[in-house]
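Remarks on the structure that follows.
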Amino acid sequence: MSAYDQLARLGITLPPIAVPAAAYVPFVQTGKLVFLSGHIARQDGKPWVGQLGLTMGTEDGKAAARAIAIDLMGTLDAACKAAGTDLNGVKRIVKLMSLVNSTPTFTEQHLVTNGASELFGEVFGPQVGAHARSAFGVAQIPLGACVEIELIAELA
């Protein structure tokens with residue numbers, strides 16, 4: 001099943017590529033690798049503000065990470081099209097790096113990040129969607145967002 005069929009099955013419509021909020025570009029391709037800049041969690045078009053362990057629980061953070069994965073796929077779709085392919089031309093989701101705005105005592109950053117990881121697995125399947133990753137707890141994220149995730153993918 002194609003990535004687009006999986007997205008449709010899940011009821012997901014990809015958003016357009018976001019306009020950068022600072023001095024960076026949304027993605028860079030070098031060789032067959034595409035590096036996507038960090039995307040912050042958004043809810044109703046605004047930064048999804050919160051701190052895990054204080055104002056948010058793990059399940060809310062997981063939902064935020066899933067929302068970021070959808071935004072990342074929108075950017076990845078644009079990157080693929082710029083390279084002359086589409087999401088079905090993704091050979092591998094290589095790595096995610098997740099930053100979780102959390103208190104010093106919150107230790108479930110890895111579970112929060114599962115919200116994104118699991119969706120990439122659902123959309124791309126276990127051979128393409130399984131990836132390496134890092135999940136860090138940080139003191140703050142731009143605009144007070146609860147989670148930020150960046151992605152590296154390989155194109156065929």
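Note that the structure is a prediction, hence the values are computed from the model and not measured.
- Judged by distance alone, the side chain of Gln127 and the main-chain N or O of Gly129 form no donor-acceptor pair under 3.5 Å.
- Nearest heavy atom pair, residue Ala82 against residue Phe27, reads CB-CZ, 4.1 Å.
- Put simply, the side chain of Met73 reaches to within 4.5 Å of the side chain of Leu119, judged on heavy atoms.
- Proximity of Ser98 to His110: side-chain heavy atoms (C-beta onward) are nowhere separated by under 4.5 Å.
- Taking all atoms of both residues into account, the shortest heavy-atom contact from Leu76 to Ala153 is CD1-CB, 3.9 Å.
- Sorted by first then second residue, the salt bridge (Lys or Arg N to Asp or Glu O under 4.0 Å) pairs that include residues 54-83, not counting sequence neighbours, are Lys62-Glu118, Asp77-Lys81.
- Listed by first and then second residue, the salt bridge (Lys or Arg N to Asp or Glu O under 4.0 Å) pairs that reach into residues 130-139 come to none, sequence neighbours excluded.
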For side-chain contact (heavy atoms from CB on, under 4.5 Å), just list the numbers for Leu87 and Phe124, CA-CA rounded to whole Å, side-chain angles, deciding distance to a tenth of an Å, and then say yes or no. CA-CA 9 Å; Leu87 289 178; Phe124 291 100; 4.1 Å; yes

Donor-acceptor pairs under 3.5 angstrom involving side-chain atoms of residues 34-44: please list them, not counting sequence neighbours.
from  : atom 1 : to    : atom 2 : distance (Å)
Ser37 : OG     : Val25 : O      : 2.6
His39 : ND1    : Ser37 : O      : 2.8
His39 : NE2    : Thr75 : OG1    : 2.7

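- When all heavy atoms are compared, the tightest approach of Cys80 to Val90 is SG-CG2, 3.8 Å.
- Applying the side chain to side chain donor-acceptor pair (under 3.5 Å) test to pairs two or more places apart or on separate chains, those with a residue in residues 140-156 are Asn101-Gln140.
- Taking Lys32 as the reference, nothing meets the side-chain hydrogen bond (donor to acceptor under 3.5 Å, both in side chains) condition, with sequence neighbours excluded.
- Take Asp5 and apply the side-chain contact (heavy atoms from CB on, under 4.5 Å) test, not counting sequence neighbours, and it matches Met1, Ser2.
- For the side chain to side chain donor-acceptor pair (under 3.5 Å) with Ser102, the lone residue among Glu108, Gln109, Gln51 that qualifies is Gln109.
- A distance of 5.5 Å separates CG in Leu72 from CG in Leu151, rounded to the nearest 0.5 Å.
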